[in-house]
Undergrad: 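For reference, the structure I am asking about is given below.
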There are 2 protein chains.
Amino acid sequence: MDAKTQARFEARARILKALAHPSRLFMVDQLSHGERCVCELTAMVGSDMSTVSKHLSVLKSAGVVADEKRGMQVYYRLKMPCVLRFFDCVGEVIEQSAREQMAMANISGTKTR
Amino acid sequence: MDAKTQARFEARARILKALAHPSRLFMVDQLSHGERCVCELTAMVGSDMSTVSKHLSVLKSAGVVADEKRGMQVYYRLKMPCVLRFFDCVGEVIEQSAREQMAMANISGTKTR
DNA sequence: CAACTATTTGGCCAAAGCGCCAAACGGAAT
DNA sequence: ATTCCGTTTGGCGCTTTGGCCAAATAGTTG
């Protein structure tokens with residue numbers, strides 16, 4: 001794997017890594033319905049505001065969201081709505097896995113994984 | 001965020017986390033061209049075979065790839081080709097970010113990030 | 001069976017990620 | 001100017017990840 005290829009996949013991995021957290025996915029999902037301020041997201045996610053803020057900054061530096069201070073709050077919005085397409089495929093993977101585990105359980109009493 | 005929602009996003013995050021590593025993305029990309037055995041992937045990636053094997057097992061338990069032992073080797077194949085669609089969007093994000101950084105650099109000598 | 005090959009597993013260690021708390025910041029209101 | 005509010009940043013423990021090595025496995029070949 002030459003340096004250029006390496007770099008390309010590292011860049012891709014950075015984006016995916018930014019998305020790879022339940023709270024962050026949830027926030028992306030919320031932002032797909034329109035912009036939200038940190039306080040709204042904090043209330044929805046249910047963790048400390050500092051935690052939420054850090055999650056948002058991860059998404060921001062990955063280029064997935066953008067922020068804008070307006071009045072007293074900071075509003076975040078989804079910058080790359082195409083990330084929503086991920087969810088379709090991810091959903092498929094999950095359902096497929098679920099189906100297979102069912103099938104496995106039926107064929108034998110063998111425990112999956 | 002109720003428990004059900006929580007669970008849904010955790011499941012999604014697991015998949016993305018499995019993909020969120022340069023070597024694993026590279027392997028997924030390779031597998032999109034057809035199945036490969038561990039030794040082939042090891043040669044391409046350039047790390048220890050044990051490392052590659054562990055990466056593959058991460059992808060496998062996420063349900064992204066499947067393995068099959070044939071002859072002396074274990075062949076892995078892409079189980080959910082839809083993950084390839086991720087790359088398009090990820091590419092967009094990267095290009096978009098690059099463009100913005102360029103613009104930033106032009107407007108002022110301000111350092112980005 | 002012994003030697004070999006391809007792969008997986010366990011162990012170790014360094015590095016990264018996560019969540020909370022407390023402190024710093026910046027703008028708004030009094 | 002002081003206080004207040006929403007937000008970000010720093011720091012600290014804790015868990016997880018990643019990569020190498022060495023050892024265990026499994027199937028093959030001589």
Side-chain angles (χ1 to χ4, degrees), chain A residues 1 6-7 9-28 30-31 35-62 64-77 111-113, chain B residues 1 6-7 9-28 30-31 35-62 64-77 111-113:
Chain A
M1 188 159 44
Q6 175 95 18
F9 284 100
E10 275 169 10
R12 288 177 175 183
R14 263 192 293 279
I15 313 273
L16 291 194
K17 219 151 67 164
L19 291 169
H21 186 284
S23 305
R24 294 198 289 266
L25 282 180
F26 175 79
M27 294 194 272
V28 165
Q30 284 303 315
L31 294 181
E35 58 176 26
R36 301 274 185 275
C37 68
V38 181
C39 50
E40 288 171 316
L41 291 170
T42 297
M44 290 189 279
V45 169
S47 359
D48 195 90
M49 182 180 277
S50 69
T51 302
V52 170
S53 173
K54 277 178 188 173
H55 280 313
L56 287 167
S57 99
V58 169
L59 289 172
K60 181 180 163 190
S61 49
V64 176
V65 304
D67 63 339
E68 184 191 353
K69 186 155 203 169
R70 224 163 46 235
M72 209 140 47
Q73 289 104 7
V74 176
Y75 286 89
Y76 280 82
R77 65 185 170 76
K111 53 175 172 299
T112 321
R113 196 171 317 256
Chain B
M1 188 161 43
Q6 174 96 17
F9 285 99
E10 275 170 9
R12 289 176 175 184
R14 262 191 294 279
I15 314 271
L16 291 192
K17 218 153 67 165
L19 291 170
H21 186 286
S23 306
R24 294 198 288 266
L25 282 181
F26 175 79
M27 295 194 271
V28 165
Q30 284 302 314
L31 294 180
E35 58 177 23
R36 301 273 185 276
C37 67
V38 182
C39 49
E40 288 171 315
L41 292 169
T42 298
M44 291 189 279
V45 169
S47 2
D48 197 89
M49 182 180 275
S50 70
T51 302
V52 171
S53 173
K54 276 178 188 170
H55 280 313
L56 286 166
S57 101
V58 169
L59 289 171
K60 182 180 162 188
S61 50
V64 177
V65 303
D67 64 337
E68 185 192 351
K69 187 156 203 169
R70 224 164 46 234
M72 207 140 48
Q73 290 103 7
V74 177
Y75 286 89
Y76 280 82
R77 65 186 170 76
K111 52 175 173 297
T112 321
R113 190 171 322 253

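Excluded from the calculations below are hydrogen atoms, water molecules and symmetry mates; all remaining heavy atoms, backbone and side chain alike, are included. A, B, ... follow the sequence lines: proteins, then strands. Residue 1 opens every chain.
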Undergrad: How does protein reach along nucleotides 25-30 of chain D, written 5' to 3' as B (base within reach of a heavy atom under 4.0 Å), S (only sugar-phosphate), or - (no contact)?
TA: --SS--
Undergrad: Could you tell me the separation between the NE2 atom of B:H55 and the C1' atom of C:dT9, rounded to a whole number of Å?
TA: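 So the NE2-C1' distance, B:H55 to C:dT9, works out to 15 Å.
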Undergrad: Taking A:S53 for the side chain and A:M49 for the main chain, is one N or O donor matched with an acceptor at less than 3.5 Å?
TA: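 Such a contact is absent between A:S53 side chain and A:M49 backbone.
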Undergrad: To the nearest 0.5 angstrom, please state how far the OH atom of A:Y75 sits from the CZ atom of A:R36.
TA: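 These two atoms lie 10.5 Å from each other.
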Undergrad: Take the protein atom CZ of A:R36 and the nucleotide atom P of D:dT7, then report the distance between them rounded to whole Å.
TA: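 Nearest whole value for this atom pair: 14 Å.
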Undergrad: Using 30° and 60° as the class boundaries, would you call the ring planes of B:H55 and B:H21 parallel, tilted or perpendicular?
TA: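 Rings of B:H55 and B:H21: tilted, 30 to 60°.
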Undergrad: With heavy atoms under 4.0 Å as the rule, sort B:R70 into base, sugar-phosphate or nothing.
TA: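 Nothing, no heavy atom under 4.0 Å.
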Undergrad: Just call it for A:Y75: base, sugar-phosphate, or nothing, with non-hydrogen atoms closer than 4.0 Å on any strand.
TA: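 If one applies the 4.0 Å heavy-atom cut-off, A:Y75 turns out to touch nothing in the nucleic acid.
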Undergrad: Just the rounded figure in Å: distance from C1' of D:dT7 to CD of A:E40.
TA: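 Nearest whole value for this atom pair: 14 Å.
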Undergrad: A side-chain contact here means heavy atoms from C-beta on lying under 4.5 Å apart; do A:T42 and A:T51 qualify?
TA: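 Counting from C-beta outward, A:T42 and A:T51 never come under 4.5 Å.
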Undergrad: Any side-chain N or O of B:K17 less than 4.0 Å from the OP1 or OP2 oxygen of D:dT16?
TA: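 Answer is no, no contact under 4.0 Å.
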Undergrad: So B:K60, base contact, sugar-phosphate only, or nothing? Heavy-atom distance under 4.0 Å.
TA: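 The residue B:K60 makes no contact with any strand.
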Undergrad: C:dA6, OP1 or OP2 - any side-chain N/O from B:Y76 closer than 4.0 Å?
TA: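 No, no such contact exists.
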Undergrad: To check you understand the geometry: which heavy-atom pair defines the closest contact between B:R70 and B:E68, and what is its length?
TA: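 The answer is NH1-OE1, 3.3 Å.
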Undergrad: Can you check whether B:A18's main-chain N or O pairs, donor with acceptor, with B:R24's side chain at less than 3.5 Å?
TA: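 Yes, because the side chain of B:R24 sits within donor-acceptor range (under 3.5 Å) of the backbone of B:A18.
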Undergrad: Quick check on D:dG19: is either OP1 or OP2 less than 4.0 Å from any side-chain nitrogen or oxygen of B:H21?
TA: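 Yes.
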Undergrad: For a quick test of reading the model, state the closest non-hydrogen atom pair linking A:V38 to A:Y76 and the distance between them.
TA: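 Reported closest heavy-atom pair: CG2-CE1, 3.6 Å.
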Undergrad: Does the side chain of B:Q73 reach to within under 4.5 Å of the side chain of B:E40, using non-hydrogen atoms?
TA: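 Sidechains of B:E40 and B:Q73: no contact.
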Undergrad: Base, sugar-phosphate, or nothing: which does B:T51 touch, judged by heavy atoms less than 4.0 Å apart?
TA: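 It contacts base atoms.
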Undergrad: Specify the separation, in whole Å, of atom CG of A:L41 and atom P of D:dG6.
TA: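 A:L41 atom CG is separated from D:dG6 atom P by 14 Å.
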Undergrad: Just how far, in rounded Å, is C1' of C:dC25 from CD of A:Q73?
TA: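 Interatomic distance, CD of A:Q73 to C1' of C:dC25: 16 Å.
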Undergrad: For A:M49 and D:dC5, give me the distance from atom CE to atom C1', rounded to whole Å.
TA: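 Going from CE in A:M49 over to C1' in D:dC5 covers 9 Å.
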Undergrad: Write down the distance between CG (B:D48) and P (C:dG10), rounded to a whole number of angstrom.
TA: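 Spelled out: CG on B:D48 to P on C:dG10 is 16 Å.
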Undergrad: Using every non-hydrogen atom in the two residues, find where B:S50 and B:D48 come nearest and quote the distance to one decimal.
TA: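 For B:S50 and B:D48, the tightest heavy-atom pair comes out as OG-OD2, 2.7 Å.
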Undergrad: For nucleotides 10-12 of chain D, give me every protein contact, N/O to N/O, under 3.5 Å, one pair per line with atom names.
TA:
residue : atom : partner : partner atom : Å
D:dG10  : O6   : A:K54   : NZ           : 3.0
D:dG11  : O6   : A:K54   : NZ           : 2.5

Undergrad: When rounded to the nearest 0.5 angstrom, what distance separates CG in A:L56 from OG in A:S23?
TA: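 The CG atom of A:L56 sits 10.0 Å away from the OG atom of A:S23.
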Undergrad: For A:L59 and D:dT7, what is the distance between atoms CG and P respectively, to the nearest whole Å?
TA: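 Rounding to the nearest Å, CG of A:L59 and P of D:dT7 are 16 Å apart.
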